[in-house]
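A short write-up of the structure that comes next.
Read the numbers this way: they start at 1 and go in the same order the structure lists the ligands and their atoms. Computed over heavy atoms, backbone and side chain alike; hydrogens, waters and symmetry mates excluded. Since we're looking at a predicted model, the values are computed, not measured.
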Amino acid sequence: MPKGKVAVITGASRGIGRSIAMALAGQGANIVVVDLGQEGVDAAVAEIKELGVEALGVVGNVTVTADCENAFAKAMETFGRVDILVNNAGITRDALLLRMKDDEWDAVLSVNLKGAFLCSRAAAKVMSKQRYGRIINIASVVGQMGNAGQANYCASKAGLMGLTRSNARELARRNVTVNAVAPGFIATDMTDALPEKVRDELTAQIPLARLGSADDIANAVLFLASEASGYVTGQVVAVNGGMYM
Ligand code: NAP
């Protein structure tokens with residue numbers, strides 16, 4: 001388990017990223033919270049510190065090269081190493097193909113895919129030198145299945161799985177593993193807002209007959225971040241209640 005390890009987590013001020021941060025902190029990891037807003041970052045840092053580990057907040061946008069480089073520079077300044085990167089920051093801009101605007105396509109590809117590339121490149125510099133690292137990309141079941149109204153999002157998440165495999169092959173010799181977790185439908189602010197009928201229809205497609213929780217995703221990340229997964233690289237771990245197999 002990652003006691004004393006240092007984890008950089010993007011989009012960690014709420015939702016799944018926040019749960020991942022709390023789970024890793026619960027195992028004794030020191031956490032670097034990277035997110036867009038100062039208020040959210042400060043609140044996450046305060047909550048993480050209550051678990052008795054160190055936490056550092058960095059306000060940054062994963063689509064900006066300098067922000068990603070800065071997050072790793074600050075992490076190195078504070079902790080002297082980075083063992084784990086979780087590329088979790090992600091957005092949706094849903095629209096049917098015929099109505100999807102160029103800026104909706106660009107925004108989603110930029111955050112979900114380019115952001116993961118920029119942070120992975122910054123992480124690779126540090127982790128290659130250390131001869132140790134764990135990079136975990138948060139993809140999605142719809143990157144495997146497709147989903148009407150989400151051409152941009154599905155393409156970004158399928159791309160993220162390709163990035164995972166390519167980086168896994170490049171970094172394996174440096175003892176850096178790269179894997180993805182592909183969540184199914186997870187109970188978050190987004191899914192809470194759905195009408196009951198839509199939630200029921202979604203649940204009917206899931207063999208385990210419930211939406212997943214952010215903790216279900218955090219548990220898979222814990223494994224991939226741990227020593228126990230040392231012989232696992234280039235994989236996509238599906239955490240979807242069986243909705244896609
Ligand atoms: P969320 O609640 O919307 O949280 C996403 C976080 O990322 C927010 O804190 C957001 O900041 C931050 N963020 C957005 N753009 C960013 C940027 N450019 N730079 C830095 N941070 C940025 O989302 P979630 O539901 O927890 O999802 C987390 C990840 O899981 C995403 O990659 C998502 O695609 C994936 N996923 C979610 C589900 C699901 O059912 N929820 C299913 C499959 C996959 P703000 O608060 O400022 O917007």
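- Residue nearest to atom 32 (O) of ligand 1, selected from Asn61, Val142, Val86, Asn88: Asn88 (by heavy-atom distance).
- To the nearest 0.5 Å, the span separating CG on Asp94 from CD on Gln150 amounts to 4.0 Å.
- With sequence neighbours excluded, the residues satisfying side chain to side chain contact (heavy atoms under 4.5 Å, CB included) with Ala123 are Phe72, Leu85, Met127, Ile135.
- Annotation: side chain to side chain donor-acceptor pair (under 3.5 Å) contacts of Arg93 (sequence neighbours excluded): none.
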Next item on the list: Decide salt bridge (Lys or Arg N to Asp or Glu O under 4.0 Å) for Arg199 and Asp192; before the verdict, give the C-alpha distance in whole Å, the side-chain angles of both, and the deciding distance to 0.1 Å.
Entry: CA-CA 9 Å; Arg199 280 172 67 97; Asp192 279 353; 3.8 Å; yes
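- Distance check: Asn87 CG to Ile136 CD1 gives 9.5 Å after rounding to the nearest 0.5 Å.
- Close contacts of ligand 1 with Tyr153, meaning ligand atoms under 4.0 Å from a residue heavy atom, involve 33 (C), 34 (O), 35 (C), 36 (N), 43 (C), 44 (C).
- At a heavy-atom distance under 4.0 Å, only side-chain atoms of Lys157, from C-beta outward, approach ligand 1.
- Ligand 1 has at least one atom lying under 4.0 Å from a heavy atom of Gly184.
- Heavy-atom proximity to Ile138, at under 4.0 Å, picks out these atoms of ligand 1: 29 (C), 30 (O), 32 (O), 35 (C).
- Shortest non-hydrogen contact noted between Ile9 and Ala12 is O-CB, 3.5 Å.
- Of all the atoms in ligand 1, the ones that sit under 4.0 Å from a non-hydrogen atom of Ser13 are 9 (O).
- By the 3.5 Å distance cut-off applied to N or O atoms, Val62 is counted among the residues near ligand 1.
- In summary, the atoms of ligand 1 found under 4.0 Å from a heavy atom of Gly15, numbered by their order in the structure, are 2 (O), 26 (O).
- Not a single heavy atom of Thr10 lies less than 4.0 angstrom from ligand 1.
- Taking distance alone, with nitrogen or oxygen atoms compared against 3.5 Å, Ile186 approaches ligand 1 more closely than that limit.
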Check: Which is it for Glu227 and Lys5 under the salt bridge (Lys or Arg N to Asp or Glu O under 4.0 Å) test, yes or no, and what are the steps along the way?
Finding: CA-CA 11 Å; Glu227 303 299 323; Lys5 296 259 192 282; 3.4 Å; yes
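- Note that the CG atom of Leu109 and the CD1 atom of Ile91 stand 9.5 Å from one another [nearest 0.5 Å].
- Residue contact annotation: Ala139 has a non-hydrogen atom under 4.0 Å from ligand 1.
- In this structure, Gly60 counts as a contact residue of ligand 1, since one of its heavy atoms falls inside 4.0 Å of the ligand.
- Side-chain contact annotation: Ser213 with Asp216, donor-acceptor N/O pair under 3.5 Å present.
- Separating the CD1 atom in Ile84 from the CG atom in Asn30 is a distance of 10.0 Å, to the nearest 0.5 Å.
- Against a heavy-atom cut-off of under 4.0 Å, Val111 is close to the following atoms of ligand 1: 15 (N), 18 (N).
- Contact atoms of ligand 1 toward Gly11: 6 (C), 7 (O), 9 (O), 12 (C) (distance under 4.0 Å to a heavy atom of the residue).
- Counting heavy atoms under 4.0 Å from ligand 1, residue Ile16 touches it through both backbone and side chain.
- Within the listing of ligand 1, atoms 43 (C), 44 (C) sit less than 4.0 angstrom from a heavy atom of Ser140.
- For the pair Thr63 and ligand 1, the shortest N or O to N or O distance does not fall below 3.5 Å.
- Note: Ser110 OG to Asn61 CG = 7.5 Å, rounded to the nearest 0.5 Å.
- Counting the atoms of ligand 1 from 1 in the order shown, those under 4.0 Å from a heavy atom of Ile91 are 14 (C), 15 (N).
- Between Asn112 and ligand 1, not a single N/O pair is under 3.5 Å apart.
- For atom 17 (C) of ligand 1, the nearest non-hydrogen atom from the set Leu36, Ile217, Val33, Asn240 belongs to Leu36.
- From Ile48, atom CD1 reaches atom CZ of Arg18 across 7.0 Å, with rounding to the nearest 0.5 Å.
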